[in-house]
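Heavy atoms only: backbone and side chains are in, while hydrogens, waters and symmetry mates are out.
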Amino acid sequence: THHIVGESDAPPFYTIEDDVIFSLDIEEKVDGVWQPFAAKDVQLEFHRIDPFVRLPLVPNNGVFGLRFILPDVYGVFRFQVDYRSLGYSYLYSATQVPVRPKTHVQYERFILSAFPYYAGAFSMMIGVLMFASVFLFHSGPSDEPHHAKTE
């Protein structure tokens with residue numbers, strides 16, 4: 001199973017940088033009785049064309065789980081477990097999920113590294129206001145003829 005941290009059901013899509021939990025139940029039959037499988041080399045691959053994330057699953061009484069943050073890349077991914085060990089049959093599980101980019105309301109409102117651009121935009125606005133006020137309210141030389149003083 002897979003889901004976002006704090007939820008219990010799998011969403012129809014994930015968003016980049018979501019915090020995700022993946023878990024997988026693995027059991028083996030020993031003397032006719034199903035028992036939790038104990039191995040430390042089971043890995044999860046979060047796979048698009050190539051694996052973006054490859055991490056070991058942590059065993060907990062037959063339930064192998066992992067919590068990780070999705071990469072900052074969107075597309076169609078697969079949660080993939082491909083376990084091959086001598087003496088056991090192959091274990092292959094793949095679940096396809098879409099990962100979307102963030103919507104415009106999910107990004108930070110003001111980005112710190114963009115402050116020089118903000119300053120440039122506001123300085124241009126102030127410059128335009130100053131130019132417009134000088135252009136509109138400055139009175140130029142009058143059209144009346146200038147008379148020289150004669151004594």
Close side-chain approach of Val81 and Val42, heavy atoms under 4.5 Å: yes
Flag side-chain contact, heavy atom, 4.5 Å: Phe13 against Tyr74: no
Find out whether Pro11 and Ile4 are in side-chain contact, i.e. whether some heavy atom of one side chain is under 4.5 Å from a heavy atom of the other. yes
From CD (Gln80) to CD (Glu45), nearest 0.5 Å: 5.5 Å
Around Phe52, counting heavy atoms of other residues, nucleotides and ligands shown, do more than 12 lie under 6.0 Å from its CZ? yes
Under the side-chain contact (heavy atoms from CB on, under 4.5 Å) criterion, do Trp34 and Glu27 qualify, and how do the steps go? CA-CA 6 Å; Trp34 289 102; Glu27 296 179 341; 3.8 Å; yes
Glu17/Lys102 salt bridge by N-O under 4.0 Å criterion: yes
Single-linkage hydrophobic cluster, 4.5 Å side-chain cutoff, Val58 and Leu91 together: no
Contacts of type ring pair (Phe, Tyr, Trp, His ring centres under 6.0 Å), residue Phe46, not counting sequence neighbours: Phe68, Phe77, Phe79
Does Gln96 reach the side chain of Val76, with side-chain heavy atoms less than 4.5 Å apart? yes
Indicate yes or no: at least one non-hydrogen side-chain atom of Leu24 is less than 4.5 angstrom from one of Val63. no
Applying side-chain contact (heavy atoms from CB on, under 4.5 Å), run through Tyr117 and Phe122 and close with a yes or a no. CA-CA 9 Å; Tyr117 300 102; Phe122 286 117; over 6 Å; no
For the student: nearest non-hydrogen atoms of Arg78 and Ala94, plus distance: CD-CB, 4.4 Å
Count I, L, V, M, F, W, Y as connected when their side-chain heavy atoms are under 4.5 Å apart, and connections chain through other members. Are Ile16 and Ile21 then in the same cluster? no
Less than 4.5 Å apart, any side-chain heavy atom of Tyr14 and any of Arg100? no
Looking at every heavy atom in both Phe64 and Ala39, which two are closest together, and how far apart are they? CE2-O, 3.2 Å
Within the 4.5 Å heavy-atom criterion, are Val97 and His2 side-chain neighbours or not? yes
Please determine whether side-chain contact (heavy atoms from CB on, under 4.5 Å) holds for the pair Asp41 and Tyr83, giving the CA-CA distance in whole Å, both sets of side-chain angles, and the decisive distance to 0.1 Å. CA-CA 8 Å; Asp41 58 347; Tyr83 182 70; 3.0 Å; yes
Counting only heavy atoms from other residues, nucleotides and ligands, does the tally under 6.0 Å from OH of Tyr92 exceed 12? yes
Mind listing the closest non-hydrogen atom pair of Pro56 and Leu66 along with its distance? O-CD1, 3.9 Å
Around atom CZ of Phe131, are there more than 12 heavy atoms of other residues, nucleotides or ligands at under 6.0 Å? no
Cluster link Val53 to Val73, ILVMFWY, side chain under 4.5 Å: yes
Return yes if a side-chain donor-acceptor contact under 3.5 Å exists between Asp82 and Tyr90, otherwise no. no
Do Leu55 and Val20 sit in the same hydrophobic cluster, where Ile, Leu, Val, Met, Phe, Trp and Tyr count as joined when their side-chain heavy atoms come under 4.5 Å apart? yes
Asp18 and Thr15, any side-chain heavy atoms less than 4.5 Å apart: yes
